[in-house]
Participant: 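The structure follows.
The basis for the numbers below is simple: all heavy atoms, side chains too, and nothing from hydrogens, waters or symmetry mates.
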Amino acid sequence: MSVQMPHNYIKQCLVFIAASLIVFLLLSVKLFDVSKKVSIRNLRLHERFQIDRYWFNEDPEANEEKFQIDQLLKIRNDLVRAKFRNRTERIKKVCEEERKVWPSSGIFKHRIISFLWSAEPHYKMLLCRTAKHGSTSWASHFVKIYTQGQEGGSQVLLKKIEQNEFKSNTEKNVVIRSITTPEHEYLSFFVCRNPVEKLLSVYKYMVDMASADSESFLERPDFPKGGTPPTWEKFIYLVATSTSNNYLGMMRPLVVGCGPCTYDYDAVVMMETYDQDSRDILEPSGLGWVSPVHANNHGSHTLQAGDVTKIFAKVSKSDIVTLLSKYKMDFKVCGYEETLEELTKLTA
């Protein structure tokens, strides 16, 4: 009898401890559920976005919380619109002036190119991407948003993720068309870059990649792997006279790809202020953690007065004229009037 007593006592203690742990766990879950509903009222806008998405994502009983999120997204949109209003208003003014002169221009009849657009349905963000306009960085941002920071990635990975969210281009196109009116749900934006800076960037990229004979480099007839690349002057001629509006798959004019004269965008990121502009879009959504505080500036973006004259010194006037016919509106929409003026003077 004296031997069995300690054994039973220990057994009872273990049962009591196990039961206590279960009760404590259940109580903790309940308290957490209550505390989240109380504390959420005291959180700032950007904090509420992040927490709401984790707690209420697809819960069918969370209609009230989802409604609150939608209201916060509207506030977010208003904040961002106010921040970038000077740029969006400039675009409207430029487009109105162009419409008076060329009312039947194709830039007012935009055809959706679905693969140029990145959409995130939870935070309701919509980006029109342009090659060599910081598109790789923003693709990585969208992957992080989709995966809540679990992954970063490329445009290839983003495309795979989007295919799970939008089963067809038709679904995505509905979102894209929604921004033809001022009051839309998705926060829409695109990135501007000085067309001359872009030309320099594309040329350097093609020369470097062809010389490196990289396996990932898609060889083009004008830039053969290991071969002699065209001179800068020849490159400008090829861009200007190409029958394609997307020479090398990277030279599609912004006004053709993103339709700034068709859609009512909420924000415009400038490459010169890329990092700060990106934060001004991400932080009001509680996504400040997505963009690094100190990121690369994606090129020099330091064209000074007189640089264009030097860069195009040996380019023929006819090629400059043809080039301007393709990219004039990109200069104007994005506010690079001084570069446009300097380039135009070279045709006199």
Participant: For the residue pair His184 / Asp266, report whether a side-chain donor-acceptor contact shorter than 3.5 Å exists.
Facilitator: yes
Participant: Between Val202 and Phe235, is a side-chain contact (heavy atoms from CB on, under 4.5 Å) present by the stated rule, with each step listed?
Facilitator: CA-CA 10 Å; Val202 170; Phe235 170 70; 4.0 Å; yes
Participant: Measuring from Leu157:CG to Glu162:CD, what's the distance to the nearest 0.5 Å?
Facilitator: 10.5 Å
Participant: Is any side-chain heavy atom of Leu187 less than 4.5 Å from a side-chain heavy atom of Arg76?
Facilitator: yes
Participant: Check whether any side-chain N or O of His110 sits under 3.5 Å from a backbone N or O of Val256 as a donor-acceptor pair, and report yes or no.
Facilitator: yes
Participant: Are Phe115 and Tyr247 connected in the hydrophobic side-chain network, where two residues link if heavy atoms are under 4.5 Å apart?
Facilitator: yes
Participant: Within a strict 4.5 Å, meaning less than it, do heavy atoms of the Leu79 and Lys83 side chains meet?
Facilitator: no
Participant: With a cut-off of 6.0 Å (strictly less than), are more than 12 heavy atoms of other residues, nucleotides or ligands near CD of Glu183?
Facilitator: no
Participant: Taking atom types as modelled, find out whether Ser244 and Ser242 have a side-chain donor-acceptor pair closer than 3.5 angstrom.
Facilitator: no
Participant: Between Tyr186 (side chain only) and Ile176 (backbone N and O only), is there a donor and an acceptor less than 3.5 Å apart?
Facilitator: no
Participant: Evaluate side-chain contact (heavy atoms from CB on, under 4.5 Å) for Val196 paired with Phe331, printing each intermediate quantity in order.
Facilitator: CA-CA 9 Å; Val196 172; Phe331 284 101; 4.0 Å; yes
Participant: What distance separates Asp307 CG from Gln304 CD, expressed to the nearest 0.5 Å?
Facilitator: 6.0 Å
Participant: In plain terms, say whether Glu96 and Arg99 are close enough for a salt bridge, that is, a side-chain N and a carboxylate O under 4.0 Å apart.
Facilitator: no
Participant: Say you draw a straight line from OG of Ser178 to OH of Tyr263; how long is it, rounded to the nearest 0.5 Å?
Facilitator: 9.5 Å
Participant: Among side-chain atoms of Asp319 and Ser316, is any donor-acceptor pair under 3.5 angstrom?
Facilitator: yes
Participant: Measure centre to centre between the rings of Phe190 and Trp117, then say whether the value is under 6.0 Å.
Facilitator: no
Participant: Taking atom CG of Asp277 and atom CG of Leu282, what is their separation to the nearest 0.5 Å?
Facilitator: 11.0 Å
Participant: To check you understand the geometry: which heavy-atom pair defines the closest contact between Lys144 and Val290, and what is its length?
Facilitator: NZ-O, 3.6 Å
Participant: Lys132 versus Met251: any side-chain heavy-atom pair under 4.5 Å?
Facilitator: no
Participant: Is it the case that the side chain of Asp222 and the backbone of Pro230 share a donor-acceptor pair, with hydrogens and angles ignored and the cut-off at 3.5 Å?
Facilitator: no
Participant: Determine, stepwise, if the pair Tyr123 / Tyr146 fulfils side-chain contact (heavy atoms from CB on, under 4.5 Å).
Facilitator: CA-CA 9 Å; Tyr123 287 88; Tyr146 264 112; over 6 Å; no
Participant: Taking all atoms of both residues into account, what is the closest heavy-atom pair of Tyr336 and Pro195, and its distance?
Facilitator: CD1-CD, 4.1 Å
Participant: Does Asp264 have any side chain to side chain donor-acceptor pair (under 3.5 Å) partners at least two apart in sequence or in another chain, and if so, which?
Facilitator: none
Participant: If you apply the rule side-chain contact (heavy atoms from CB on, under 4.5 Å), what do you find for Arg87 with Met270, and how did you get there?
Facilitator: CA-CA 10 Å; Arg87 296 177 187 176; Met270 305 297 292; 3.3 Å; yes
Participant: Please answer whether the main-chain N or O of Ala348 pairs with a side-chain N or O of Lys317 as donor and acceptor at a distance below 3.5 Å.
Facilitator: yes
Participant: Are the side chains of Phe189 and Cys128 in contact, using a 4.5 Å heavy-atom criterion?
Facilitator: no
Participant: With a 4.5 Å limit on heavy-atom distance, are the side chains of Ser325 and Thr322 in contact?
Facilitator: yes
Participant: Could you tell me which non-hydrogen atom of Asp330 sits nearest to which non-hydrogen atom of Leu254, and how far apart they are?
Facilitator: OD2-N, 2.8 Å
Participant: Could you measure the distance from the CG atom of Leu158 to the CG atom of Leu127? Nearest 0.5 Å is fine.
Facilitator: 9.0 Å
Participant: Between Arg129 and Ser118, do the side chains contain an N or O donor and an N or O acceptor separated by less than 3.5 Å?
Facilitator: yes
Participant: Do other residues, nucleotides or ligands put more than 12 heavy atoms under 6.0 Å from the CD atom of Glu185?
Facilitator: no
Participant: Has the side chain of Lys332 got a donor or acceptor atom that lies under 3.5 Å from a matching backbone atom of Glu98?
Facilitator: no
Participant: Under 3.5 Å, side chain of Thr231 to main-chain N/O of Lys234, donor-acceptor pair present?
Facilitator: yes
Participant: Can you name the closest pair of heavy atoms from Trp138 and Ser278 and give their distance?
Facilitator: NE1-OG, 3.4 Å
Participant: Please report the interatomic distance OH(Tyr265) to CD1(Ile91), rounded to the nearest 0.5 Å.
Facilitator: 8.5 Å
Participant: What are the two closest non-hydrogen atoms of Arg220 and Leu248, and how far apart are they?
Facilitator: NH2-O, 2.7 Å
Participant: Is a donor on one side and an acceptor on the other found under 3.5 Å between the side chain of Glu89 and the backbone of Arg85?
Facilitator: no
Participant: Does any part of the side chain of Pro229, heavy atoms only, come nearer than 4.5 Å to the side chain of Met206, both counted from C-beta?
Facilitator: no
Participant: Heavy-atom count around Phe108 CZ within 6.0 Å, excluding the residue itself: above 12?
Facilitator: yes
Participant: Output yes when a side-chain donor or acceptor of Ser201 lies under 3.5 Å from a complementary backbone atom of Glu197, and no otherwise.
Facilitator: no
Participant: Evaluate Asp208 against Lys204 for salt bridge (charged side-chain N to carboxylate O under 4.0 Å, His left out), listing each step before the verdict.
Facilitator: CA-CA 6 Å; Asp208 290 347; Lys204 183 178 185 304; 2.8 Å; yes
Participant: Assess, by modelled atom type and distance only, whether the side chains of Glu342 and Thr309 contain a donor and an acceptor separated by less than 3.5 Å.
Facilitator: yes
Participant: Would you say that Glu338 contacts Leu303 through its side chain, given a criterion of any heavy-atom pair below 4.5 Å between the two side chains?
Facilitator: no
Participant: What is the minimum heavy-atom distance between Gly288 and Glu283, and which atoms define it?
Facilitator: CA-CG, 3.7 Å
Participant: Check whether any side-chain heavy atom of Lys328 sits under 4.5 Å from a side-chain heavy atom of Leu340, and report yes or no.
Facilitator: yes
